[in-house]
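Accompanying notes for the structure given below.
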Amino acid sequence: MPKKKPTKRRTMIGTDAMDAMDAVVPVRAASKASRRGLVPAGTTHRPEPPAKPKPNKVRATFHLPEELLGEARDAVVYLSGPPVRLTLAVMAENALRKELQRLKKAHNGGKGFPRHGGELKGGRPIGS
């Protein structure tokens with residue numbers, strides 16, 4: 001079996017060179033500051049507020065006028081980026097909440113409507 005040739009070992013960078021690197025590379029400097037118990041400016045950790053449990057969501061399927069849905073889609077595409085980040089689902093949810101508040105105020109003294117017993121009746125709309 002042939003003998004392996006000894007490989008050259010690389011020399012480690014000295015501590016003086018590392019201190020010079022710390023001045024150039026802020027990530028290294030930040031971790032060094034953290035080890036000393038110091039926190040670099042702008043990196044303070046803010047605890048997030050406790051997350052509210054998200055309500056269960058269900059699918060709803062219904063028909064809308066083509067023009068209305070097209071206009072809603074245009075608004076969502078226009079406002080989909082920061083800071084609004086609007087989605088069609090959020091827009092629909094907000095619209096339903098607003099309309100429910102209006103209906104409660106107008107028809108039930110601002111109180112919630114009584115729970116219904118079963119599924120909504122499907123079929124042809126009344127008056128068509």
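Leu96 and Leu64 fall into different hydrophobic clusters, where Ile, Leu, Val, Met, Phe, Trp and Tyr are joined by side-chain heavy atoms under 4.5 Å apart, directly or via other members. Residues Tyr78 and Leu88 share a single hydrophobic cluster, defined by chaining ILVMFWY side chains whose heavy atoms lie under 4.5 Å apart. Put simply, Leu69 and Leu79 are part of the same group of oily side chains (I, L, V, M, F, W, Y) that touch within less than 4.5 Å, one to the next. Val58 and Val90 fall into different hydrophobic clusters, where Ile, Leu, Val, Met, Phe, Trp and Tyr are joined by side-chain heavy atoms under 4.5 Å apart, directly or via other members. Cluster annotation: Val84 is not connected to Val77 through the hydrophobic network of ILVMFWY side chains, with a link wherever side-chain heavy atoms come within less than 4.5 Å.
Within a 6.0 Å radius of NZ in Lys104, other residues, nucleotides and ligands contribute more than 12 heavy atoms. Heavy-atom neighbours of Glu99 CD from other residues, nucleotides or ligands within 6.0 Å: above the threshold of 12. Counted within 6.0 Å of CZ on Phe113, heavy atoms from surrounding residues, nucleotides or ligands total more than 12; the atom is thus considered enclosed.
Taken to the nearest 0.5 Å, the CZ atom of Arg73 stands 12.0 Å off from the CE atom of Met91. From Gln101, atom CD reaches atom CG of Leu103 across 9.5 Å, with rounding to the nearest 0.5 Å. Going from atom OG1 of Thr87 over to atom CG of Asn94 covers 8.5 Å, rounded to the nearest 0.5 Å.
Side chains of Glu93 and Arg97 form a contact here, defined as non-hydrogen atoms less than 4.5 Å apart.
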